[in-house]
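First comes the structure, then the notes that go with it.
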Amino acid sequence: MPYGLYLSAAGADLQSQRMQVISNNLANVDTPGFKRDFALPEARYTEAIERGIADPGEGSLNDVSGGVSLGETVTDFSRGVYKPTGINTDFALDDDGKGFFAVERDGEEYLTRAGNFRFDNQGRLKTQDGYPVLSIGGEVVQIDPTGPAPILHHDGLLSQGGESIPLAIRRPKSLGDLVKAGATMFRQLAESEDAAPEHRQVRQGTLEMSSVKPIDATVEMIETSRVYEANIRMIQHQDGMLGSLVGRLLRV
């Protein structure tokens, strides 16, 4: 493959993957607790370097450039804006954005910032997808479905009558230990800690909304689309030049 075609194809592939990430962000602009992702590009070595024929930095033609590729997709854990809903089962963590509610999924503990919970007919507090919300002791939060409406205190205690259940609020030692497992849930690669009292502030009747900024994401999508189209035009242009060259050679 001519080298120019290789570089343009690599560039188009990167922008295509970047577009998928941006599209997913925009699709979740109204999803409570959603954290936007960024696709980070990285420079690629040439094929000769990857095959061990040449060494990086030697300054030869084998060390020109291998184009770009998708290095990794990272999550921005910036806190979203708060939206009052007036719904008693909507909870929002009032902290620096590093705390998470704990839920049980497939026998494991997962973390989420999405506090749009609900009670089932047995009084168990669950996420919108039906996963149980956990208390600080790792038990499923459950109230008496026939009792008075529960009240969530600002310190994360859910009270009903004379009983109180402390919601589990976890703080990972590093946000890099979290891996997305769906739109708003995170799997833990390392154990997290119970939040200190100063980080156990919770708002009832409020949701933390998506951290996606629609205008910024739309501008980013337009930019990505134009770069993708530029790479496709380069591929077409180089293909046309190659076809013209081959045609001339056949006429000789």
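Everything numeric here is computed off the predicted structure, so don't read it as measured data.
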Within the 3.5 Å criterion, strictly below it, is a donor on [X] or [Y] matched to an acceptor on the partner's side chain?
| X | Y | value |
| --- | --- | --- |
| Gln122 | Gln142 | no |
| Ser135 | Glu139 | no |
| Gln20 | Asn24 | no |
| Ser210 | Thr31 | no |

Next on the checklist: Per the ring pair (Phe, Tyr, Trp, His ring centres under 6.0 Å) rule, what does the pair list look like for residues 192-211, sequence neighbours excluded?
Outcome noted: none
Between [Y] and [X], is there a salt bridge with N-O shorter than 4.0 Å?
| X | Y | answer |
| --- | --- | --- |
| Glu208 | Lys83 | no |
| Glu223 | Arg18 | yes |
| Asp177 | Arg187 | no |
| Arg200 | Asp155 | no |
| Glu191 | Lys173 | no |

Checklist entry - Relative to each other, are the rings of Phe100 and Phe77 parallel, tilted or perpendicular (30° and 60° limits)? => result perpendicular
Item to check | cation_pi(Arg203, Tyr82) dist<6.0 Å, angle<=45 | outcome: yes
Checklist entry - salt bridge (Lys or Arg N to Asp or Glu O under 4.0 Å) between Asp90 and Arg118: does it pass, once the steps are laid out? => result CA-CA 8 Å; Asp90 284 347; Arg118 59 182 177 84; over 6 Å; no
Item to check | Aromatic ring proximity Tyr131/Phe117, centre distance under 6.0 Å | outcome: no
Checklist entry - Looking at Ser211 and Asp76, what are the two nearest heavy atoms and their distance? => result OG-O, 4.1 Å
Checklist outcome for this item: Closest non-hydrogen contact found for Pro172 with Leu111 is CG-CD1, 4.0 Å
Next on the checklist: Assess the residue pair Leu167 and Phe101 against the criterion (side chain to side chain contact (heavy atoms under 4.5 Å, CB included)); give the C-alpha distance rounded to whole Å, side-chain angles, the decisive distance to 0.1 Å, and a yes or no.
Outcome noted: CA-CA 8 Å; Leu167 296 180; Phe101 296 110; 4.2 Å; yes
Item to check | Verdict with supporting geometry, Lys180 and Asp37, salt bridge (Lys or Arg N to Asp or Glu O under 4.0 Å) | outcome: CA-CA 10 Å; Lys180 270 195 173 182; Asp37 293 318; 3.1 Å; yes
